[in-house]
Every structure is written in C-alpha cells, then in structure tokens.
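Below is one structure, written out as structure tokens; comments come after it.
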Amino acid sequence: MTYRDVPAKIDLPLMEREILGFWQQAAIFEKSLAKSEDGPTWVFYEGPPTANGKPGTHHVEARVFKDVFPRFRTMKGYHVPRKAGWDCHGLPVELAVEKELGFAGKQDIEKYGIAEFNARCRESVLQHVDEFAAMTERMGYWVDMDQAYWTMDASYVDSVWWSLKKIFDKGLLVQDHRVSPYCPRCGTGLSDHELAQGYEDIVDASVFVKLPITGGKIVEQFPGAALLVWTTTPWTLVSNTAAAVNPNVEYDIAKTDAGEIFVVAAALRESVLGEDSTVLATVTGQELEGTPYQRPFNWVEFPDTDAPIHTVLLAEYVTTEDGTGIVHQSPAFGAEDLATCRAYGLPVVNPVAPNGEFVAEIPHVGGVFFKTADSTLVDILKQEGTLFKHLPYEHSYPHCWRCHTALIYYAQPSWYIRTTAIKDQLIAQNEKTNWFPDTIKNGRFGDWLNNNVDWALSRNRYWGTPLPIWRCAEGHLTCVGGRADLAQYAGDAALEMDPHRPFVDDVTFPCPTCGDTASRVPEVIDCWFDSGAMPFAQYGYPQSNVEKFEASYPADFICEAIDQTRGWFYTLMAIGTLVFDESSYKNVLCLGHILDEDGRKMSKHLGNVLEPIPLMDEHGADALRWFMAVSGSPWQARRVGHTTIAEVVRKTLLTYWNTVAFQSLYARSSQWDGSVLTLDNPTDLDRWALSEAYRLAREVDEALEQFDTQRAGRLIAEYVDDLSNWYVRRSRRRFWDGDAVALSTLHQCLKIVTQVMAPFTPFITERVWQDLFLTADVESVHLSNWPDWQTATIDDKLNEQVALTRRIVELGRAARATSGVKTRQPLQRALVAAAGWSEIPESLQEQIRDEVNVLALEELGESSELVDVSVKANFKSLGARFAKETPVIAAAIAAQNAAEFVAALRENSAIVEVGGTTHNISLDDVVITEVPREGWTVASADGESLALDLALNDDLIAQGIARDITRMIQDARKTSGFDISDRIVVTWSASDANALVALQTYGERIAAEVLATTWQQGDTNGATLRDEELGVSIVLAKA
RNA sequence: GGGCCUAUAGCUCAGCUUGGUUAGAGCGCUUCCCUGAUAAGGAAGAGGUCGAUGGUUCAAGUCCAUCUAGGCCCA
C-alpha cells in the first residue's frame, strides 16, 4: 500500500472518465454482485424508461436514487441484483415513426404495411435505447444492461400473455362497450395517461335548450311547461336519449317575465331564469321521474323498446353547480350518461362514425365533423324556438396530444380488466406498502384506488403486445397463455413466431368449443401493462427462471418520479395483485420533479431542457448526483441549474478533495504510507475526529434506511467541513512534523467519509480509494464494507466539549474583531463564562489560546467583581407552569436584582411575588447570562461569553513582532517557490529597537517555525525582503 | 372544476412532526482578520411584514380556516 500523489486541483469530468474505464476493465460492478452473493437479497426493480426519445435530466434524477440505495445496501452486505429494462411498445413509439415517415393516420400505416411499420418501430426503439445506455453509463448508474429485459422480446410477450390468461381465467378480462376518450384521427381510444397531456383551452358554444314536456301532472297543471337543459356539446343533442335529475334536489316550476314556464333546479333558478322569474311550484327530482318530453332533433331512429326513452331519469351524479340541474343524456358520448341510461335499459344510439363525422343519412349535419356541426345545430335550435340561451363557454377540453384533434368521448367496444372487482384487495395491499413520502399513500395514490375504474386495456393500434384472445364466429373466446400454449391449438409453427402483429394475426385455429375457425381479436394492449408485468416478465416467468423470479418477488425497493403514481406504481400493484394476490413492492420512493432555474417545468417547447451528458461533462456526474440526492428534499419539486450545481461541487466535493490532497502531501513528504496505523496515544482532537467519523457512519446509515438522502448529505457535508476546517486546521503543525498519530487519524477519518459518500459520488470516492486506501483485499471502495460503527467508540461528551470549544473560539474571534487589535498580536489573557467550561480539558483550552492568540484563559464566573449577571425568563418552562400568568411572572423575574436572585437560585430556589401570591422559581425557569463589566472587550451569545484583556507589555509586543516576521518569511518562502520541506538560511538586520528585541528574544522560535537551519544577524544589503513599518530586512537562501 | 404539494434573506434551501421570545445555512454583496490546504479559511455588517387575511393560544414561521400565486395529478 502506497499513497499516490494527489494533485491539489482536479478536473472532475476527466477523472470520472478514467474511473469509468477502471470499473469496466476491472469489472467492479460484477465483482460487487459476486461478493455479496451469499448475503440476503435486497430486491430492486428497474422501471423501464420508454425508449421513444432522448433522455433528459429528469431521467438522471430517478437514476441517481435507483443507484444510491443499491450501492448503500451492497456495502451493508446485501445482494442487490440490478437488471435494466426498456419499455419498447406503445403509441409514443408509433407516433415517432409516423412522424418520421410523414404519415397522417392509420390508413397510411396500413398502406405501408404493418410488418414494415413495426420493423421501423423496433429500429426506433433500438436507437433510443443506445442514447439511454450512454447516459446511464456516464452517470455511473450501475445496472446490468447486458441482461436487460425488453418488453418487445418474445419471451417477455410470452410472460405477459401468461398473466393475461390468468386474469382472463378469473373472469376479469372482458370486452365491453364503454365510453372512453377517442381520437377520431388516430382511430383509437386513448389512455388516461395520454389524455392528461392534451388538455387545451377552447371556447365552445354552451346552450340552454328547451325540452317541452309532453305529458304527466306538470304539463296538465302548467300547460306549455318545458324542461331546461344545459350542454357544452350541442352535437350530442342529436342523439339525446333522456334527461336526468337528482332525486334529492328541489326543482322549481317557474315562469319567466317573458311568460315561459320552465323546470330548473331551485338553486339555479335565479341565475338561469333571472331574478324576476316567479315560482309556480316546487317539486323534488324524485317526483319528476318518468316525465316525457320532446327531444330537440328527431333525426335519429331509436329501436323499438319499452324502456322510457325521452323521459326524465334519476341520477345521483347530477349537481346544481352549473347548468340547470337537469342533464341531457346521450349515452354514446358520456360515461355517466351511459351508466344512467343502462340502468333504465335504454338503447345506445350513435350517429357519429369512427372518423368523427356524422353518418351520411343524418339531415343537415351528415358528413360533418362532430365539433364543426355545433354552429349548424345551434342555428336550427334558434329557428325552431327551442334555444333558450346561447353563451360562449371557455373551458379546457381534451385534444389528442399529438395531432391536436379534439377528442370525442365515444362508446366503443374495448377490452377491460375489471380492477374494480379487486379494489378492496388493492386497498389492503396499499396499506402494507411503505411510501416515501408517506402522504402519497393515503393521498394521491389512496384516492386513486378509492376511485378505481376498470382498466381500459386494449388499443386499436399496431406496435404493442397483441391481445392474446382468439374468437370464433359464435363468439367463443380462447385466451392464449404464451406461444407454447398457442402451439397446442395452432401447431408448432407458433413456437418460433414473432408474437407481434401482423404475424400473430395470421394464426387461426379451430375453436376448442365449437370447432369453427377462431382468429385473433385485432387489438394490442396498453403498454403500461407491459411495464407493470416486469417483475415476472423480465425473467420470462413461468416459461423460464422460476426460482429466480420466486426469489425476487416482491421488490424491497422501487423508485420513480411522482407522475408514476397512476402509471407504473399502479400497474405494478394491480398486476401483482391480479396475478399473485400480492403487490409487487414493499417500499416505494416517490420523487418530485426537476424544474428549471425559474421554477418552470423543463420542456422542449420552452427550450429550457438541460441535456444530461453535456451537463455532466461540464460539472461532473458526481456533482449532478450529489445535487440530486442532497440539495432539497427528494420528494419535492426542485430547481436545477448550472450555478446551483457548481456550488455544491465547490462546497463539499472540493473541500473533501482538498483534505485528501493535504493528507497525501504531508504523508508523502514524511514517507508515511498508511500501511501501519498508529492510533495508540490519540489527542483529544484525534479522538474527537474519529468519534465523529463513526457517528457519521451511524447517522448516514440510519438516514439512508429511511431513504432520506437529504439528511445523509447534510451530515456528510457538515463532517467534511468539520474535518477540514477544524481537525486539519488545528492539527496542521502535527502534519508538518509527520506525526504518525495525526496522519493515522486523518487517514482513518477520510476512509470513513469516503465510504459513506461512495453511494452518492461513486467517482471521486473511487479516485480517493485508489490513491489512499487501496489494498490487496479491497480493490475498490464499492467492494468495501460499510464502516463498522457498532463496535466503535462514539464519545458524545467529547463532542459536546469540542462544540463548546469551537463556540468559545468564535466568541474570541468576534471579540478580536471588535477590539481592533490584530489576532497576530498576542494578548495576556481572556476570561470565559460558559456552562461546562470547568470540565474542558487542557488540550482543548490550548486550541482556544492558539486560535484567539492569548497566553492564558481564566474562568469568569467566580470573580463576581468582574461580572454582570442578567437573568431572564425561560418561557418554555414557565409557560408550562403558569400559562396565562407567564408574562407577568416573566416581568417579575426581570425586575429582580439579578445578582441576588441568581445567588438565591443557586442556594436553593427563589421566590417571586405577583399580585400578593408568591411563586417558587427554580434554575430551570430562567436563563442566566454572565457578561464582564465595562472596560473589557466582550463577545457573548446564548449565555456564553468571552472577554479579552487588551493590556499590552513589551514582551507581548515583541511576540507580536516575532509573529509578523514569521508570517513575512513564510510568505517569502512561498513566493520564492521553495518546497514546503526546504531548509533555509536567514540573514537579518533590524533598524527598529522593538524589532531588534523581538528578533533576538524569539529568533530561535522563528527559525524553527520557518525551517531555518541558520539564523544570523548580518549584512542585508540588497535584501528583497524588507518591512519599513517593522524596520526589518531579511535575506533568504536555500540551505 | 376537484385533490395533493409548495410559498422563509437578492439566489438555492433548512427549521414546521413536538408552538417558547435575537428565525438559520450556503452562495452573492461590504468591511476587516488569518495564512505553507491558499483561486482556501474566519469575523463583523447590510439584507426577512417567514405569500395574504383571520382564528386558536399566555405565546404562532410552526396549529386551524379562508384567500392568492406556483407546481403536480385528475376532470
């Protein structure tokens, strides 16, 4: 073991590239897995990024956390396999390819050929995966990309099919006609996820429409009465099927000042009909049920039925928040409408074709795009006198996020997973899950589960896992659980088949029920099912790797950004529960988003995207990683920019590096190489530094157990600062002397910091390990074990004493600053008052004397003629006892003669009298502050004080001059380019009497300090080093 | 429109769970000090109506309500 030369300056990005080479060449990641093979497994699942675009900085964020915890756990002895994964399927990939090929829609794809189109999709995925791989490697995210799972792999599809068959066999995979958002241009339904991206603010016509009542009590009593409905989608009036009211709401039958009679919700009457309207009667919604009315357009034919078409229905969801409290029902275009009308057995009529146009046979609007038809329809309503009011209505309406076509809520056949059937189970699984932060569990995610709707699984698209259901003309369904299963029905050719469209579409077989030919249904599945199936599909389970899967289910840890709440976090839990009756993860870390420097979301559109690789090439991957993990809370949105990243580098990483360089410099200059540690006779400061290092190892350990990287990072930063700016600063002399105990102590402390930092900043810590700590047994910091703090000595009392020492030093510096006497001028004494002072060991007092540059320290407390005592209330203690009376008691305490009061308190307990009542006051009830009397230079804070005696004498002055000269020579050594260990010859002369005394009296001390082997008074003609103020001239030469 | 999160110094953020009387850190700024880790380090200062309003309390940055602004998710 030898210390290598550590340069004071470091090019972080350059160093990182070297380390990447080392890791690869020495296979460190593989060794870290092999080393921990016998340890307990800590299961991590990689959420596959969608390979449909370039990676962004937000991908780095998630990957930092996905790397920190596995590295940490590995150092703690766990085995943490990390299998990479790529999400390959889905509309995003298709759209990217469509754009590349300049396609306008599905017709173009079919013309081009599905096989060719899907081949292009596959290529596109491969290209983007390469970019992700490059980013992943550059940032030092250790994940096995050679064994990555790809959701488009045949074995993966086999597993997905297997799970779908399990769900199908439970009766939970069903086809249904439901209303879902649908893009007429793309010709497919959209997932909720896609929907969210496409809301646009638009202005629609909102209309109040009269529906004349055609029978029943109301119209008998009030002839001409009409229902009044409100809608923002006039085009749906064509297929009006019913009107719905809330059974528990009161409705007014009211007359407008124009003499018309309407039924509207009582709560909305004034706002809709005007304040002048008069109420003729009031009924409940319940009483309106069954009231027949005349529909606005009678162009659509309804099938013959006994169901109550064009009457009033009851529906709890109707509110009186806006509109009229009566909702027009068109079940083909609204999920709630459909549910309400279904309950009454009403038929679903749909005059709009899948391309978004009204079918040709509809008068006036046949062949017109649904949204465009609004104005024509409003005009007709106006002409017929059934339009009551017409207002522009601004709202956000979903559009296709890619082609900006207005979406239509559209009833169409789709395949669903009936997740509502397992809702209670999902809620129970969520209860067992640890969320970080905890608020997601019962908040965002819990709400989502409570409002669970069935999973719309199918997509009428091309590049996706085909839905493995075959259907015959009779409608018998056969769900196939993999290619092997398919081969049972359709022959062995299926075994080797690419299980994508169009190949799978060509496979037919005799229906097992009736023998008719069964062919596959046309749909593919939502790609979110693919990623949610990764716990087993990544291993091709159950077709292969059965043990591997069983040993790694469920996961101990998953981590993604918060937008995955309803994405991957949900699909993982849902599929796990559907297939294995158990959620697939135990702990989930939910990250906040990364924003730009102005707090805006990063988007291509705004041009504020930070590209990860250039960012890391500028600041270093460690810097970016440290920033992500430590700056701010992981689960809160955070701003990232060049300045903020540069700052963390300077503050913590460079301070750490400087300390390492310091250690290396002095160890090497005294031929100390770290092979033998001498820790036998440590100083108090040595004991403190080591004790604090082990405390750090413990506290970082505890913080990371709670996934709290911010706390861990703050602890590390504090320790690095303590080590550098207190331990090293105070121990410099010992390092100059090559003190083996000091070198051993700093060696050990740095080793511990290096280890606890390693999960966060794997590059710089590896560099340091190679330079200082490399041994034959442990060739990488990432193969080392977490520092063993359990058996180490952590001395809390010493820590408190050092903390007090440092506070006193701060007071000393503050007093120096106000005194105007330079710190280089020694002073005779300082007086200190602080609780616990009497126990401060001599060695720590020495630190204070040295830092403050005084010859002696004395305790202030006992010499009462020098001190003023003040006493004030401790509100926390008094408040608990006296509540309302606290302020008067506090005032009474302040009014006491402080000196006598404190004396009484210290004797026993004191008494204050308020309004004739006496109260016992104890020491706990007050805060006592002792400050020196006037005439001293004093600094105090929080009841602790230091006072400087500013009196000077000749000797003190001489010592001050000696120190000035020392400093002058040291400066000259440096500017002359001498090495720190060069010995010198000093020739001096003095023109000032004081200086002469100082040089004579303290010459030996100065000589020792500046490494002078010869110290002589003599001829200094031509000296470059002269100080007129001091009256000193000096000639330096190398010895 | 609904739910959740956030708002503290010029900037980036702690503190809020468990209320206690001078609200902190880092960066930046001014002045000074120290100096063989030195393109570092330290001290002092300027800079805060702790988003707004109201409430609870002897006491509110901290608890409650409402509002405003931003973010996220949903509709």
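In what follows, every heavy atom counts, from backbone to side chain, and hydrogens, waters and symmetry copies are set aside. Every chain is numbered from 1 and lettered A, B, ... according to where its sequence line falls, protein lines coming before strand lines.
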Q.
According to side chain to side chain donor-acceptor pair (under 3.5 Å), who are the partners of W736(A), at least two apart in sequence or on a separate chain?
A. Y666(A)
(Q) Could you go through W726(A) and V802(A), starting from their C-alpha distance and side-chain angles, then the distance that decides it, and tell me whether this counts as side-chain contact (heavy atoms from CB on, under 4.5 Å)? (A) CA-CA 10 Å; W726(A) 191 250; V802(A) 172; 3.9 Å; yes
Q.
Applying side chain to side chain donor-acceptor pair (under 3.5 Å), can you list everything that pairs with D722(A), at least two apart in sequence or on another chain?
A. R806(A)
Output a table of nitrogen or oxygen pairs between the protein and nucleotides 57-59 of chain B separated by less than 3.5 Å.
unit_1	atom_1	unit_2	atom_2	d
rC58(B)	N1	A883(A)	O	3.2

Q) With sequence neighbours excluded, what pairs up with P826(A) under the side chain to side chain contact (heavy atoms under 4.5 Å, CB included) test? A) N853(A), L956(A), Q959(A)
**Q.** Any residue of residues 712-723 of chain A with a heavy atom less than 4.0 Å from an atom of RNA chain B
**A.** R714(A)
Distances under 3.5 Å between protein N/O atoms and the N/O atoms of nucleotides 31-34 of chain B, please, pair by pair.
unit_1	atom_1	unit_2	atom_2	d
rC33(B)	O2'	T823(A)	OG1	3.1
rC34(B)	OP1	R824(A)	N	3.4
rC34(B)	OP1	R824(A)	NE	3.3
rC34(B)	OP2	R824(A)	NH2	2.9

Q) With respect to the side chain of S631(A), which nucleotide from rA40(B), rG20(B), rU12(B) is positioned closest? A) rU12(B)
Q: Return the set of residues passing salt bridge (Lys or Arg N to Asp or Glu O under 4.0 Å) with R732(A) (not counting sequence neighbours), or none when no residue passes.
A: none
Q.
The criterion is side chain to side chain contact (heavy atoms under 4.5 Å, CB included); which residues satisfy it with T233(A), sequence neighbours excluded?
A. T231(A), W235(A), T236(A)
Q) So what does W635(A) hit on the nucleic acid, given a heavy-atom distance under 4.0 Å: a base, only sugar-phosphate, or nothing? A) nothing
Q. Taking only residues two or more places apart in sequence or in another chain, which ones pass side chain to side chain contact (heavy atoms under 4.5 Å, CB included) with D11(A)?
A. P13(A), L14(A)
Q: Determine the contact category for Y666(A): base if any of its heavy atoms lies under 4.0 Å from a base atom, sugar-phosphate if only primed atoms, P, OP1 or OP2 are that close, otherwise nothing.
A: sugar-phosphate
Q.
Taking the nucleotide of RNA chain B with the nearest heavy atom to each, does W726(A) or F627(A) sit closer to the 5' end?
A. F627(A)
Q: For the side chain of Q710(A), starting at C-beta, report the closest nucleotide among rC13(B), rG42(B), rA40(B).
A: rC13(B)
Q: Just call it for V728(A): base, sugar-phosphate, or nothing, with non-hydrogen atoms closer than 4.0 Å on any strand.
A: base
Q. In this structure, which one of D526(A), T420(A), T419(A), T571(A) forms a side chain to side chain donor-acceptor pair (under 3.5 Å) with W455(A)?
A. D526(A)
Q: Look at all strands and tell whether T659(A) reaches a base, only sugar-phosphate, or nothing, counting heavy atoms closer than 4.0 Å.
A: base
Q.
According to salt bridge (Lys or Arg N to Asp or Glu O under 4.0 Å), who are the partners of D739(A), at least two apart in sequence or on a separate chain?
A. R734(A)
Q: Name all residues meeting the salt bridge (Lys or Arg N to Asp or Glu O under 4.0 Å) criterion together with D737(A); count only those two or more places apart in sequence or in a different chain, and write none if there are none.
A: none
Q. Mind pulling the stems RNA chain B is in, i.e. runs of at least three Watson-Crick or G-U pairs, everything under 3.5 Å?
A. B:1-7 with B:68-74, B:10-13 with B:24-27, B:29-33 with B:41-45, B:51-55 with B:63-67
